[in-house]
Amino acid sequence: MGLRLGALRLSLLYMLVAGLWVLFSDGWLTHLGLPNAQIERLQLFKGLGFVVLTALLLYLILRTHAHLQARSQQALSRSEERLSLALESAESGLWDWDLHQHSLYFSPRYASMLGLDPVDLGSSQETWLQRLHPDDRPGYEAALQAALAAPQTTMYENLFRLRHRDGSYRWIQARGRLQLDRAGQARRFIGTASDVTQRRADEDSLRQAAAVFEATQEGVLVTDAQHRIVHINPAFSRITGYSEAQILGQDPSLLKSGRHDSAFYANMWQMLRNQGGWSGEIWNRRRNGEIYPQWQCIRAIHDETGAIRHYVAVFSDITALKRSQRELDYLAHHDPLTNLPNRLLFTERVEHALERARREQLNGAVLLIDLDHFKHINESLGHNIGDLLLKAVGDRLTGLLDARMTLARLGGDEFGLLCESGLEAEQTADLAQQVLDSFHAPFAVVDQELFITASLGIGLFSDDAETVEQILRNVDSALFKAKSSGRETFAFYAQELTEHARQRVQLVSALRHALDLQELRVHYQPLIDLADGSMVGVEALVRWQHPQRGLVPPGEFIPIAEESGLISAIDTWVLQQACEQMVAWQRAGSRLKFVAVNVSSRLFCRDLLDHQVAQVLAQTGLAPACLELEVTESAVMVNPDAAQGLLERLRNLGVRLAIDDFGTGYSSLARLKRLPVHKLKLDQSFVRGLPHDEDDIAISRAVIALGHSLKMKVLAEGIEHPDQAAFLKALGCDFGQGYHFGRPAPQLPDEA
Ligand code: C2E
Ligand code: MG
Ligand code: MG
C-alpha cells in the first residue's frame with residue numbers, strides 16, 4: 001500500500017517539476033536576450049538534457065526496483081525454504097483454505113501422509129471430507145464451527161482420522177489459524193497437520209503399561225543404576241508393607257531376609273551383569289519383620305550407549321503357594337480320613353527302614369492289620385458309620401505306638417504297622433497280640449458301641465532284607481494265612497505262604513472253567529424239625545470237585561467267585577440243580593417239604609432275582625412253596641428299601657425266605673419286623689458254646705424269642721451234639737441243622 005502511494009507521489013512530483021520546467025524554461029531563455037539562433041541551440045540542448053536526465057532517473061528507479069525485487073524474491077524463497085524445512089522436520093503438512101474462493105491447498109507432505117499425490121486430494125472441502133472417518137465428522141464440524149464462530153480466538157486445533165490410500169485410517173492432528181479481512185470476517189484458514197497415529201498408539205501402550213503397573217498383583221520395583229529405588233507400585237507396598245515415602249531412595253538390600261549367603265547375591269549380580277536378567281526364588285523380609293518367599297525376576301535396562309540405566313524387579317509373594325505345596329505334600333502322603341500316613345508314605349518309610357536295617361544290622365517288622373468282616377459294617381450300617389469306625393480303630397492303634405513305629409492306613413480296612421525297634425519274632429508276636437487285645441473293648445461310634453476284630457500278617461526283616469515290594473507281598477500272604485485260619489489271629493510269613501498265594505491265583509482262573517467243565521456239585525444237608533426229629537427239608541450247598549485238589553469247600557471259592565463276578569452263574573446253576581433234584585425226589589415219593597438255596601449278597605443286590613427264580617420254577621415245575629431262599633442278614637441291610645421290595649416280590653411268587661447266619665450282622669429290628677421273612681437261621685457261632693456258654697445261651701434264647709415274636713420260625717445251625725439239639729429244643733427252637741443230624745452229601749440220606 002505504502003509503495004503504491006510513494007510511486008504516485010513521485011510521479012506527481014515528476015509531473016510538476018517536468019511541467020514547470022517545460023512551462024518556464026523557454027520563457028527564462030527568452031529573458032536571457034540571446035540571439036534566436038543561439039536560443040534555438042540552447043533549447044535543443046535543454047530538450048536533450050531533459051531527456052538524458054529523465055532517462056537517467058528512470059534507469060536509477062528501475063535498477064533500484066529490480067534490485068529490491070530480487071532481494072525480496074530471495075528473502076521469500078529463503079523463508080519458503082525455511083518453512084518447508086520446518087514443516088518437514090516437524091513431519092507436518094500444510095493446508096491453506098481460502099474461505100472466499102472456497103479452495104483448499106494441501107502441501108505435498110500433507111498428501112504423502114495419506115500416501116497420495118496433492119492432486120489426489122483435490123482442492124475442495126467435499127473431496128477432503130470423503131476421507132474423514134464418519135465417526136469423527138461430528139467432532140470435526142463442531143470444532144470448525146467453534147473456530148469460525150469466535151474468530152477473535154483464531155487458534156484452531158482438531159484431532160480426527162483420515163483414510164490412507166491403503167484403506168487404513170491415520171490419526172491426524174490439525175492446528176491452524178484463522179485470518180480475518182479488514183471487516184473482521186474470516187478470510188483464510190491456514191495451518192499444519194501431522195500424523196499422530198504412532199504417537200497415539202505409543203500413548204495407548206504407555207497408558208496400558210501404567211495401568212498394569214498400578215493394578216498388577218506382582219510387586220514392581222525400579223532402581224537407578226546406583227541401586228536407589230526410584231519407583232514402586234501399590235502391590236509392592238501391599239506385599240512388603242513399605243509405603244512409597246518410606247522406600248524411595250533406599251537400597252533394595254533393605255528387604256534382605258538374611259536367609260541367603262553373600263555367594264547367592266554375588267551370583268545374582270553376576271547373572272544380571274552378564275545376561276541382563278535373573279529370576280529365582282528369594283526370601284525377603286517385610287517391614288513388620290516377617291520373612292517370606294517370593295518369586296522374582298530382575299532385568300537390567302540399558303540406554304542407547306549400552307550403559308545400565310535402571311534395574312526393574314517384578315516379584316510375587318509365594319507364601320500361599322508354598323503353604324499349599326506343603327499341604328498337597330501332606331495330602332499326598334496321608335489318609336484324609338484317619339490322618340495317618342498312607343500307603344505311599346508307608347512304603348517310603350519301609351524302604352528307609354530296610355536301608356537302615358542293612359546299614360546298622362537291625363531287625364524290624366511289618367505288620368498288616370486287616371479288620372474282620374468290615375464289609376458287613378459298611379453294608380449294614382452304612383459307609384458313614386464304617387468311616388467313623390475306621391477312624392476310631394486308627395486312634396486306638398495309635399495309642400499302642402512308640403517312637404520307632406509308624407502306623408498307616410493302607411486302604412479300605414487295612415492298616416500297616418512298621419516297627420524299627422529291632423524286634424525279634426517273639427516280641428513282634430507280643431505286639432501283634434496287643435493289637436488283637438486292643439480290639440476287645442467296643443468302639444464308640446456316634447451313639448452305639450461296635451465290636452470288631454482284626455487279623456494280622458507279620459513279616460520280619462533283617463540286614464539281608466529284600467525289597468519293599470517283596471516284604472509287603474510276604475506280609476500280605478501272612479495275612480491271608482491268618483484270615484483263612486479263622487480270623488482274629490496273627491500269622492507270620494513263611495516261604496510256603498508264597499506258594500499258597502500262587503495257588504490262589506491259579507484257583508481264580510480254574511474257577512472260571514469249573515462251570516463249563518462240570519466240576520461243580522451240589523450237596524444237600526438235612527434240616528430237621530426239632531419237635532419230632534423228622535427231616536423237613538435240605539439245604540443245597542455247592543462244592544467244587546477240583547481235578548487235583550479234590551473237593552473244595554465253598555468257603556474257599558465263594559469269596560473268589562464273588563470278587564470275580566462268577567457268583568451269579570454259580571448261584572443260578574445251584575438253584576436250577578436244587579429245583580430239578582427236588583422235583584425228582586418228589587416224583588420218587590419223598591416227603592421233603594422244601595429245598596433251601598443260598599443266594600449271594602452280590603446277587604441279592606440285583607433286581608432281577610425274582611424273574612430268575614420264577615423262570616427256574618417254571619422250567620423245573622417245582623411248586624414255589626417247596627423252595628426256600630437263604631439270604632444273609634447283611635445282604636438285606638445294605639439297601640433295606642430295595643431288599644424289602646425284592647423280598648415282597650419273591651414272597652408273592654410263593655417262595656419261602658430265610659435269613660442266614662442271623663446274629664452276625666447288624667440288623668435293625670425295626671426293619672426286620674417289616675420284612676416278609678419266614679425263618680431266622682441262628683448262626684452256628686452261637687450254637688457252638690451251647691449248652692454251657694452263658695453268652696451263647698442268652699443270644700440263642702433272645703433270637704428264638706425275637707423270631708417267634710415276629711411270627712418267624714427259628715433254625716439253629718451247626719448242631720454237632722445231641723445235648724445242643726436237646727437244649728435248643730427246650731428253648732423252643734423250631735428247626736436244627738448240623739453234623740449231628742447229617743453232613744452235606746450228594747444224595748439224600750434215608751428219610752427218617
Ligand atoms: P451257610 O449257608 O451258613 O451254610 C452252612 C454251612 O455250615 C455249610 O458250610 C455247612 O457245611 C456248615 N455246617 C453245617 N452243619 C455244621 C456243623 O454241625 N458244624 C460245622 N462246623 N459246620 C456245619 P459250607 O458248605 O462249607 O458252606 C459255607 C457257606 O458257603 C454257606 O454258609 C453259604 O454261606 C456259602 N454257600 C454254600 N453254598 C452256596 C451256594 O450255592 N451259593 C452261595 N451263594 N453260597 C453258598
Ligand atoms: Mg445257608
Ligand atoms: Mg449259615
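Atoms considered below: every heavy atom in the structure, side chains included; atoms not considered: hydrogens, waters and symmetry mates. Since the model is a prediction, treat every value here as computed from it, not as a measurement. Just so you know, ligand 1 is whichever comes first in the structure, and atom 1 is the first atom listed for that ligand.
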For Arg543, take its heavy atoms, then give the atoms of ligand 1 lying under 4.0 Å from any of them.
11 (O), 24 (P), 25 (O)
Should the pair Arg743 and Tyr739 be classed as cation-pi, given the thresholds of under 6.0 Å to the six-membered ring centre and 45° from the axis?
yes
Run the side-chain hydrogen bond (donor to acceptor under 3.5 Å, both in side chains) check on Gln644 and Glu648 step by step: do they pass?
CA-CA 6 Å; Gln644 177 96 25; Glu648 270 163 17; 2.9 Å; yes
Please identify which atoms of ligand 1 are closer than 4.0 Å to at least one heavy atom of Gln525.
10 (C), 14 (C), 15 (N)
Under 4.0 Å, counting heavy atoms only: does His740 come that close to any atom of ligand 1?
no
The atoms of ligand 1 lying under 4.0 Å from a heavy atom of Ser600, numbered in the order shown, are 44 (N)
Is a donor on one side and an acceptor on the other found under 3.5 Å between the side chain of Asp370 and the backbone of Ser455?
no
Proximal ligand 1 atoms for Pro744, defined as those under 4.0 Å from one of its heavy atoms
11 (O)
May I ask you to identify, for Asp571, whether its side chain, its backbone, both or neither come under 4.0 Å of ligand 1 on a heavy-atom basis?
side chain
With heavy atoms of Glu720 as the reference, note each atom of ligand 1 found under 4.0 Å away.
17 (C), 18 (O), 19 (N), 20 (C), 21 (N)
Going by the atom numbers of ligand 1, which of them fall below 4.0 Å from some non-hydrogen atom of Gln684?
6 (C), 7 (O), 12 (C), 13 (N), 20 (C), 21 (N), 22 (N), 23 (C)
CG-NZ distance between Leu456 and Lys481, expressed to the nearest 0.5 angstrom:
13.0 Å
Can you name the atoms of ligand 1, numbered from 1 with element, that are less than 4.0 Å from a heavy atom of Val574?
41 (O)
For ligand 1, is there an atom lying under 4.0 Å from some heavy atom of Arg688?
no
Salt bridge between Arg409 and Glu414, side-chain N to carboxylate O under 4.0 Å?
no
Presence of salt bridge, Lys483 and Asp372, under 4.0 angstrom:
yes
